[in-house]
Amino acid sequence: MTALAAGAAPAAVDPRRRPAALRWAPAVAASAAVVAVLLAADTPAAAVARWTAYAALAVLLPGTLVFRALRRRPHTLVEDLAMGAAVGLVLELVAWAGFTALGLPGWLRLWPLAVVAPFAAAPRLRRHWRVRYPTVAPAGWAWSLAGVVVGFTLYLYGSFLAVNPVLPTDEGQAQYIDLAFQLSIAGAATHQVPPEVPQVAGEPLHYHWFGFAHLAATSLVSGVDLPTVLFRLAVPALCALAAVLVAVVGWRITGRPYAGVVAAALLFTVGEFGFENGWRQLFGSQATFIVWGSPSMTYSWVLLLPLVAVLGEIVGRARGVTVPPLGRGAWPLAVLFLAASTGAKASTLPVVLAALGLTAATTLLVRRRLPRGALVATGLALAAQFFATGVLFAFESHGVVLDPFSGLRPYVPTDRTAGFTALCWALVAVAFLLNLQLRVAGALALLRLRRWRLEPVQVFLLGGALAGPAIYLLVGHPGSSNQYFTRTGFAFGVLLSAWGWAEVAARAALSVRGRWLLGAGAAGLAVLLTAVQLDSAVSTPAVPAYAPVLPLLVWAAVLAVPVVLAALCRPALVGRWPGLAGRGGLALLTAVLAAGAPGLVMDAAATRVYPNGGAYPVVAMPASRVEAARWVRAHSAPDDVLATNAHCREVVDGWCDARSFWLSGYAERSVLVEGWAFAPRMVGRPEGPYAPFWDADRQRANDTAFTAPTAAGLAALRDRYGVRWLVVDRQVGAEAPALRTLADRRFENSRTAVYRLR
């Protein structure tokens, strides 16, 4: 994985042994590299500076102060800052809801004073401004983590930042279909709590929208334009924070610093295992893609990872861990992160509940004692799940149904003999485990070393790692959104896998030279696999059904050959090099965990063939449309409602693919009827995005305003629905000449026109 120390670092390292400049060098270098990437992606320097001030003063400062007040004793500065940033995001959410509900979103930038003032005034709180830390991060740990952050940021540049301008620059711009929808929710959250469906004014948004409220708060506090926040700043920042959180949580739970940084590498450096052959979305979609295609997934990880750390302490710390416990502060922290997770991602709480349930049951049955901490935590998680299901989601299923093995079924033929079909099911199941779960292989090593006698916190991690893919296999979704359960399980799985790797490494007791050789070998293997896959990438018609998984299985078989040969030649190899004795398992496990390393490179390289980061559904995003939407944003009030004649991404056989979100996204205003396919009541309909709009009268009133406007009709549109602006896309259909006499034309370009109702 890296040139890492095998075991835990000393429990305490005197900070005076390393100059301050050297201690801060990894963080400074990583931050400078990330800023350089952002500037290379045409991010305005002023926006970077404003965002940095926002992150430091409105998230990191108040969150760190509160975290210091809640945890019992300090451990490391990096832990306080990372966990504090997560706490700051939770506090920001509460502040955003309060200021927005009062109609004062512009005053949100004052919210940190509610934390800073008491900590400055109260003597008992004032001590948290300056803290002496008994432990500093090992230099190798810090530089390895910096490498993970920088490497992943470079991936984001290649797959997302470099191919998605903040604002489209020409008429041929293509964009991943969900991005404008996400921008529209963030735009609604700048002035609505809870936000409504931006494409259908007044329609409740029963959805996990907390991450988009974070984007709105970022823009409101920093003053950075919302598209710049989404398309440049938020995704790299959340990914970097999540990487640091994996590392500090792994250190805290296992007591081994390098287990944390290996977990960060497994989550943010190692991708899916599989030979690149044109099928880039086996079993749903790539986790690497998820971080920019679904920012809410990364936002949920930022809240889930500290929750895992807190619940890990509540269910029972591992023996021998010298990291100071959180103490009683673990409970309020658990409440904070559970509450924030309710609307961060719908996949979070079910996986957490399953993990807690397995921990409680195992403790009761195996250890024969009542697991009070796990039971109380389960009760809190259940309460959070009830709130999410009943209040935030209003019992909407969003198309998720009980449909076992629906994610595997497309790869199994239905027209073959029973024996051949059974063989296909077995091979597809193996392909699923290899493709999505290979990075969790260290968990098997841990189980073997512990002889299946896991401690409660390890059972908790195992429960989450198993629950994610298990729920994915149990339920189905027409848009493959059940995959997010697997992604949630990764947060548990990589921690357990890294723990297993660290224990194997500790038993191997490598010398310094051996550690460097192991790291160099892992890096060399990753480079070799990447080079081979880049050179061999092809696109093959997916016939028969099992064709997409065959290259993956063949690739696994090819890689297994040298492993088998090495095992057969083991006595001779050990005789020739005695230093290999007892270290073969570590080398094998490291190679297995590194096998998915080409994933990020392959995903970024796909931009040579596919637009916007890969073979995912795209929509046209012409600059002229965005120019009109941005004009409306600059000249309208936040509560103004727009109407448009553009509802369809495309029309197929007379049916409208109602995934059009450009106006609500870039205008940041509610639209009477735009594209309705993602409204919660429509998701999961058998017609898919081609389902007709549910309110024919509203759509008729909307469309008549463009095709056959009358003074009475426009007045009704204004008075009944609150419409103030009409936005015409003339390539969809030119407005009737009468509209020019009934409304005031305020803007016009080569494609669009904007009218204001009188």
Side-chain angles (χ1 to χ4, degrees), residues 86 89-90 93-94 97 194 204-214 294 296-297 299-312 314-315 330-364 371-403 459-477 481-493 680 683-684:
L89 291 176
V90 179
L93 188 65
V94 176
L205 181 64
H206 302 138
Y207 191 64
H208 43 247
W209 45 261
F210 285 8
F212 304 106
H214 160 64
S294 177
S296 58
M297 185 74 250
Y299 179 79
S300 71
W301 276 338
V302 168
L303 301 173
L304 173 61
L305 288 163
L307 177 61
V308 168
V310 170
L311 293 179
I314 288 174
V315 301
W331 287 104
L333 287 170
V335 171
L336 282 175
F337 291 125
L338 281 170
S341 295
T342 57
K345 199 72 174 177
S347 58
T348 296
L349 291 177
V351 175
V352 170
L353 273 168
L356 287 171
L358 178 64
T359 307
T362 302
T363 304
L364 184 61
R372 293 185 178 85
L375 290 175
V376 175
T378 302
L380 292 174
L382 276 172
Q385 182 66 73
F386 286 143
F387 173 80
T389 303
V391 178
L392 294 178
F393 307 144
F395 300 100
E396 294 275 2
S397 69
H398 290 269
V400 176
V401 295
L402 185 64
D403 189 6
V459 175
F460 174 65
L461 294 177
L462 180 63
L466 293 175
I471 298 174
Y472 166 82
L473 294 173
L474 186 63
V475 302
H477 187 273
S481 289
N482 51 336
Q483 56 151 319
Y484 291 114
F485 292 105
T486 303
R487 313 301 170 192
T488 300
F490 281 159
F492 296 81
V683 178

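All values reported here derive from a predicted model rather than from experimental measurement. No hydrogens, no waters, no symmetry mates; every other heavy atom, side chains included, goes into these values. Sequence positions, counted from 1, serve as the residue numbers for this chain.
Taken to the nearest 0.5 Å, the CG atom of Leu304 stands 13.0 Å off from the CZ atom of Phe490. One distance of note links CG of Leu353 with CG of Leu358; it measures 12.5 Å at 0.5 Å rounding. One finds the CG atom of Leu349 at 11.5 Å from the CG atom of Leu380 (value rounded to the nearest 0.5 Å). Atom-to-atom distance recorded for Glu396:CD and Leu205:CG is 10.5 Å, nearest 0.5 angstrom.
No side-chain heavy atom of Leu303 sits less than 4.5 Å from a side-chain heavy atom of Phe210. Within the 4.5 Å cutoff, no side-chain heavy atoms of Phe485 are placed close to those of Leu474. Within the 4.5 Å cutoff, side-chain heavy atoms of Leu311 are placed close to those of Ile314.
Legend: residues meeting ring-ring contact (aromatic ring centres under 6.0 Å, His included) with Phe492, ordered by chain and number and at least two apart, are Phe460. Every residue meeting the ring-ring contact (aromatic ring centres under 6.0 Å, His included) condition with His214, not counting sequence neighbours, appears here in chain and number order: Tyr299.
The nearest pair of heavy atoms linking Ala334 to Leu307 is O-CD1, 4.0 Å. In plain terms, the two heavy atoms of Leu338 and Ala384 that are nearest each other are O-CB, 4.1 Å. Between Pro469 and Thr486, the shortest heavy-atom distance links the atoms CA-OG1, 3.9 Å. Looking at every heavy atom in both residues, Ala86 comes nearest to Val302 through CB-O, 3.8 Å.
The aromatic rings of His208 and Phe393 sit perpendicular to each other, their planes meeting at more than 60°, with 30° as the lower class boundary.
None of Leu336, Leu333, Val335 except one satisfies the side chain to side chain contact (heavy atoms under 4.5 Å, CB included) rule with Val90; the exception is Leu336.
Of the possible polar contacts, none joining the His398 side chain to the His477 backbone as a donor-acceptor pair under 3.5 Å is found.
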Output side-chain donor-acceptor pairs under 3.5 Å for residues 340-348, partner residues at least two apart or in another chain, one line each.
from, atom 1, to, atom 2, distance (Å)
Ser341, OG, Phe337, O, 2.7
Thr342, OG1, Ala339, O, 2.6
Lys345, NZ, Ser294, OG, 3.0
Lys345, NZ, Ser296, OG, 2.8
Ser347, OG, Tyr484, O, 3.4
Ser347, OG, Thr488, OG1, 2.8

